[in-house]
Amino acid sequence: MNPMYGFDRILRQLEKVKALINLEDNIYSQLLEAQKVLEVSIPVKMDNGFIKIFKGFRAQYNNARGPYKGGIRFHAEVTYDEVKTLSAWMTFKTAVVDIPLGGGKGGVIVDPKTLSARELEALSRGYIRAIHKFIGPNIDVPAPDVNTDPKIMGWMLDEYEKVAGHHAPGVITGKPLSIGGSEIRSFSTAQGGAYVLDEAAKKIGLKRGATVAIQGFGNAGSHMALILEKMGYKITTVSDSKGLVVNCSGLNINELAVYKVKTGSVKDFPSGEKIEGSKCLEQDADILIPAALENSINKDNAPAIKAKLIVELANGPVTPEADEILKAKGILVVPDILANAGGVAVSYIEQVQNAYNFYWTKDKVLRKLEGIMCRSFAEIWDIKEKYKTDMRTAAYILSVERVAQAMRDRGWG
Ligand code: NAD
């Protein structure tokens, strides 16, 4: 993993916030490590009859505010440091939107594309058997992440319930609808991002109709494009790993989504203009949404960014060096721990519905999500103004203070 995306980044952020809020040493020192990181071996009988051992992790950074919460990723480059870092990010994300949860993250070192469907199911069930004592609706609640989806969550829930011997739908979120999932989970990250984008745009005098560039047209980016288009924003640039499409009059996102499903990329979309190179970030657009990779905005490309507003739908897309450059240019950055918190906010709503065994309408869940996102945006904006700082620092001031207060109230100080 790139060191800029590692646990060092959490430590740097904590150091900065400690000085601003006078965080006491006894609390601060406990935030410098995860509470627990579990490493497990998962034996899977492969289709050729041989047993292969996979390595998996579950990191639990802090549970002062509630059960640990965070996704499980299946990726060849998963590391101990990565899951630990992401579990800390989850802790601050759940705190920033004030839902009563802590932060966790899991991962298995595997390229799932190399597995058959049967092997993938066996690995998913094996991972849950390996970590089942450490998770539970009131302990630690996993969810989908990179390369995991509702189908895998369904297998994992089933395995957990078999081991536990009873139903426990609240142990995992992002499940299929038929077994307690949420109707809006597939687009909740984008929907939450759209609510805060709209609030941020108002603050800097941008109106619906403003132009938008989106880097990444996967789950988060494509839903964001569809939602913003419906809200009246003009999506002029979209990129994915294979290419870039630009249309200054606005792309038709429904047609682009259909084209992407058919061809596997946005590249060469017929109604796009021909643009050489792949510089999505530097296109002329009022609003830029990184929705692909970590560190995609760095010291090399930040000086060329023309947008007035950046909304971080991806996790960690702006490096600390780039952050300074964007600040000096007067670009407003809505940080990832707020901008992409819609996913975990709806996961929380899914957990609440599972606990009640009662399900709200889609409209009601959307209204609850809007309330959570807009309230959190306003709270962070007030702190930004009070401390005369940027939104990222304000978001960390709010979230670290909330985690610290829960720790103090438990007598951990
Ligand atoms: P995804 O795999 O569905 O989509 C990623 C997209 O990025 C793909 O379209 C891919 O082609 C594109 N991409 C990869 N490299 C690129 C490059 N160099 N230039 C342009 N595009 C490139 O993933 P996702 O679920 O949409 O997640 C995207 C980001 O959002 C990640 O950082 C993820 O952690 C974050 N996020 C997602 C969710 C969610 O609910 N999906 C929640 C929170 C955070």
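All values below come from the heavy atoms of this structure, side chains included, with hydrogens, waters and symmetry mates left out. Just so you know, ligand 1 is whichever comes first in the structure, and atom 1 is the first atom listed for that ligand. The first residue in the sequence is number 1, and the count goes up from there.
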As a check for students: among [options], identify the option with a heavy atom nearest to [atom].
atom: atom 44 (C) of ligand 1; options: Asn340, Leu86, Val346, Val344; result: Asn340
atom: atom 11 (O) of ligand 1; options: Ser265, Ser296, Gly218, Ser241; result: Ser241
atom: atom 20 (C) of ligand 1; options: Val146, Asp145, Asp149, Asp240; result: Asp240
atom: atom 7 (O) of ligand 1; options: Ala143, Ala339, Ala341, Ala292; result: Ala292
atom: atom 15 (N) of ligand 1; options: Leu293, Asp336, Asn315; result: Leu293

Evaluate [X] for polar contact with ligand 1, using N/O atom pairs at a separation under 3.5 Å.
X: Gly221; result: no
X: Lys93; result: no
X: Thr189; result: yes

Any side-chain donor-acceptor pair under 3.5 Å between [X] and [Y]?
X: Thr319; Y: Asn298; answer: no
X: Tyr233; Y: Asp198; answer: yes
X: Thr173; Y: Lys69; answer: yes

Numbered atoms of ligand 1 (with element) below 4.0 Å of [X], judged on heavy atoms:
X: Phe217; answer: 6 (C), 9 (O)
X: Ala291; answer: 28 (C), 29 (C)
X: Ser239; answer: 20 (C)
X: Lys260; answer: 9 (O)
X: Gln215; answer: 19 (N), 20 (C)
X: Gly216; answer: 6 (C), 7 (O), 12 (C), 21 (N)

With the threshold set at 4.0 Å, does a side-chain nitrogen-carboxylate oxygen contact exist between Lys203 and Glu199?
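Not counted as a salt bridge, because no side-chain N and carboxylate O are separated by less than 4.0 Å.
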Phe92 ring center within less than 6.0 Å of Tyr61 ring center:
yes
Are [X] and [Y] side-chain neighbours, meaning at least one heavy-atom pair lies under 4.5 Å?
X: Val97; Y: Tyr348; answer: no
X: Asp140; Y: Ile131; answer: no
X: Phe217; Y: Val245; answer: no

For Lys16, is the NZ atom crowded, meaning more than 12 foreign heavy atoms sit under 6.0 Å from it?
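More than 12 within 6.0 Å, yes.
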Mind listing the closest non-hydrogen atom pair of Ser296 and Leu293 along with its distance?
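Residues Ser296 and Leu293, closest heavy atoms: OG-O, 3.6 Å.
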Quick one: does Met224 get within less than 4.0 Å of ligand 1, heavy atoms only?
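It does not, in that no heavy atom of Met224 comes within the 4.0 Å cut-off of ligand 1.
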Ligand 1 contact by Gly343, heavy-atom criterion under 4.0 angstrom
no
